[in-house]
Undergrad: 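Starting off with a structure, shown below.
Residue numbers begin at 1 in each chain, while the letters A, B, ... track the order of the sequences.
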2 protein chains.
Amino acid sequence: MNATSLETPAVPVECLPRELVKSVVFLLGRLGVAVKMEAIEEFEQEGFGPWHYGVLALLEEGARQTQGKIADTLGVDRSQLVGLLDHLEERGLVERRRDPNDRRRQMVSLTAAGHRQLARFRKLVRRLEDEFLAPLNEDERATLHKLLLKTAAHRDQRYVLTA
Amino acid sequence: MNATSLETPAVPVECLPRELVKSVVFLLGRLGVAVKMEAIEEFEQEGFGPWHYGVLALLEEGARQTQGKIADTLGVDRSQLVGLLDHLEERGLVERRRDPNDRRRQMVSLTAAGHRQLARFRKLVRRLEDEFLAPLNEDERATLHKLLLKTAAHRDQRYVLTA
DNA sequence: TATTGTTATACTCTATAACTATA
DNA sequence: TATAGTTATAGAGTATAACAATA
């Protein structure tokens with residue numbers, strides 16, 4: 001039984017320095033890392049990681065991408081993507097085919113099983129989001145999203161939502 | 001010159017999947033990790049890490065903490081805190097004194113130099129925050145803070161701002 | 001020679017587990 | 001025996017660099 005228990009702790013939980021709690025970047029960093037870790041745990045229970053979800057989601061939007069493009073778009077290293085695709089291919093969720101016009105390139109595409117797995121991933125993410133944002137109502141979530149998106153898009157073009 | 005350059009890129013930057021960009025938890029995770037990495041870089045240039053700032057900020061609020069209390073409050077492992085305090089003590093920013101009533105305990109307190117370093121850390125964090133939240137005005141930053149705090153406090157008592 | 005995908009290597013961070021000295 | 005602090009060890013995750021095939 002530790003201090004994070006739901007029961008009233010014998011010793012009151014010490015608060016973080018006000019200075020930190022008042023800082024937007026501190027909260028952003030802490031929450032961001034926390035949500036990432038929770039996501040990793042959730043995906044791991046199904047034998048995957050969050051990156052696998054990103055790859056499948058990207059492939060569904062624009063089929064037949066080369067590995068280089070997938071890696072650059074998602075912001076993962078090309079060498080890292082190899083292992084992710086191996087994992088997905090072994091489970092029959094994606095297919096790799098050499099581009100006949102340039103046999104260095106691999107054209108990656110989603111299989112039917114890949115689409116079904118993507119649906120499962122979406123359910124997982126919805127659950128995670130509902131749990132993590134539990135104290136916020138719909139309006140607040142929309143506001144939070146708007147502010148985060150504005151911040152992200154300012155730093156990185158890839159976040160700009162095109163019409 | 002890479003694709004993240006400010007110039008108009010020859011090849012248009014591929015967008016992330018809309019599905020991801022529309023997810024609050026995805027943005028939160030990405031931005032959180034990004035701001036953490038930027039903070040680490042900034043602190044590193046002064047020969048420290050973000051944790052050192054947390055320790056100094058905590059010590060200023062409530063002096064003469066034991067190491068266990070500091071570690072639990074900040075959420076770092078006790079064994080990790082040892083190295084952080086070594087680093088700070090070598091530079092004369094904190095002092096460790098054995099508690100005469102229980103010689104297992106170390107009482108840690110801030111020195112005058114520690115206070116001055118804390119002031120420098122604060123300037124660094126203000127700069128980081130201004131840079132990271134550049135696209136948001138004062139009202140938006142306040143709203144973002146409110147929403148993040150509400151989310152964090154719901155998950156972890158240590159974030160509850162006491163009057 | 002440059003590029004695509006791949007493999008191998010190294011390094012950082014963290015989590016865990018032993019160890020000491022005190023209680 | 002249990003606790004506070006310390007040290008040592010091992011693992012995951014990531015970044016870097018070498019490599020093979022093709023252009």
Side-chain angles (χ1 to χ4, degrees), chain A residues 1-3 10-11 14 29-30 32-34 36-41 43-45 47-52 54-55 64-90 94-109, chain B residues 1-3 10-11 29-30 32-34 36-41 43-44 47-52 54-55 64-90 94-109:
Chain A
M1 193 64 61
N2 61 32
V11 178
E14 290 299 321
R30 282 279 181 128
V33 171
K36 193 193 174 191
M37 291 196 319
E38 282 194 24
I40 289 172
E41 270 181 42
F43 277 97
E44 225 157 48
Q45 285 173 19
F48 294 94
W51 288 118
H52 295 117
V55 172
R64 300 191 183 288
Q65 307 249 18
T66 67
Q67 293 192 194
K69 226 153 179 213
I70 297 170
D72 293 347
T73 305
L74 291 178
V76 304
D77 196 272
R78 284 158 185 233
S79 64
Q80 202 187 338
L81 183 65
V82 176
L84 295 172
L85 289 177
D86 288 347
H87 192 86
L88 293 169
E89 196 177 31
E90 285 163 18
V94 303
E95 268 179 0
R96 280 197 267 216
R97 261 189 334 110
R98 287 269 165 212
D99 180 351
N101 297 111
D102 182 347
R103 293 189 40 71
R104 290 173 306 181
R105 289 187 155 93
Q106 298 266 32
M107 308 299 284
V108 188
S109 57
Chain B
M1 193 64 60
N2 62 30
V11 177
R30 282 277 181 127
V33 172
K36 194 194 172 189
M37 291 196 319
E38 282 194 24
I40 289 172
E41 270 181 45
F43 276 98
E44 225 157 50
F48 295 94
W51 288 119
H52 295 117
V55 171
R64 300 189 182 288
Q65 309 250 15
T66 67
Q67 293 192 195
K69 220 140 181 224
I70 296 170
D72 294 346
T73 305
L74 292 178
V76 305
D77 196 89
R78 285 161 185 232
S79 64
Q80 203 187 338
L81 183 65
V82 176
L84 295 173
L85 289 177
D86 287 347
H87 193 85
L88 292 170
E89 196 176 31
E90 284 163 18
V94 303
E95 269 179 359
R96 281 197 266 219
R97 260 188 336 108
R98 288 270 167 208
D99 180 350
N101 297 110
D102 182 346
R103 292 189 40 71
R104 291 173 305 180
R105 290 187 155 93
Q106 298 265 34
M107 308 300 283
V108 187
S109 57

Undergrad: For the CG atom of B:Leu85 and the CD atom of B:Glu90, what is their distance to the nearest 0.5 Å?
TA: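 Answer for the CG-CD pair, B:Leu85 versus B:Glu90, is 11.0 Å.
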Undergrad: With a 4.0 angstrom cut-off to heavy atoms of chain B, pull out the first and last contacting nucleotide of DNA chain D, in 5'-to-3' order.
TA: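 Range of nucleotides within reach of chain B: D:dA2 to D:dT7.
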Undergrad: Begin with the C-alpha distance, continue with both residues' side-chain angles, and end with the deciding distance and a verdict on salt bridge (Lys or Arg N to Asp or Glu O under 4.0 Å) for B:Lys69 and B:Asp72.
TA: CA-CA 5 Å; B:Lys69 220 140 181 224; B:Asp72 294 346; over 6 Å; no
Undergrad: Begin with the C-alpha distance, continue with both residues' side-chain angles, and end with the deciding distance and a verdict on side-chain contact (heavy atoms from CB on, under 4.5 Å) for A:His52 and A:Val55.
TA: CA-CA 5 Å; A:His52 295 117; A:Val55 172; 5.8 Å; no
Undergrad: Counting primed atoms plus P, OP1 and OP2 as sugar-phosphate and everything else as base, spell out the protein contacts along nucleotides 4-19 of chain C at 4.0 Å heavy-atom distance: B, S or - for each nucleotide, 5' to 3'.
TA: SSBB------S-BB--
Undergrad: So if I apply the side-chain hydrogen bond (donor to acceptor under 3.5 Å, both in side chains) rule between B:Gln67 and each of B:Arg78, B:Arg105, B:Arg96, which one comes out positive?
TA: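 Looking at B:Arg78, B:Arg105, B:Arg96, the match for B:Gln67 under the side-chain hydrogen bond (donor to acceptor under 3.5 Å, both in side chains) is B:Arg96.
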Undergrad: B:His87 side chain to B:Gly47 main-chain N or O, any donor-acceptor pair under 3.5 Å?
TA: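 Indeed, once roles are kept as given, a pair shorter than 3.5 Å links the two residues.
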Undergrad: Once you round to the nearest 0.5 Å, how far does CG of B:Leu81 lie from CD1 of B:Ile70?
TA: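 Here the rounded value is 5.5 Å.
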Undergrad: State whether the number of non-hydrogen atoms from other residues, nucleotides or ligands found under 6.0 Å of A:Glu89 atom CD is greater than 12.
TA: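 Correct, the count exceeds 12.
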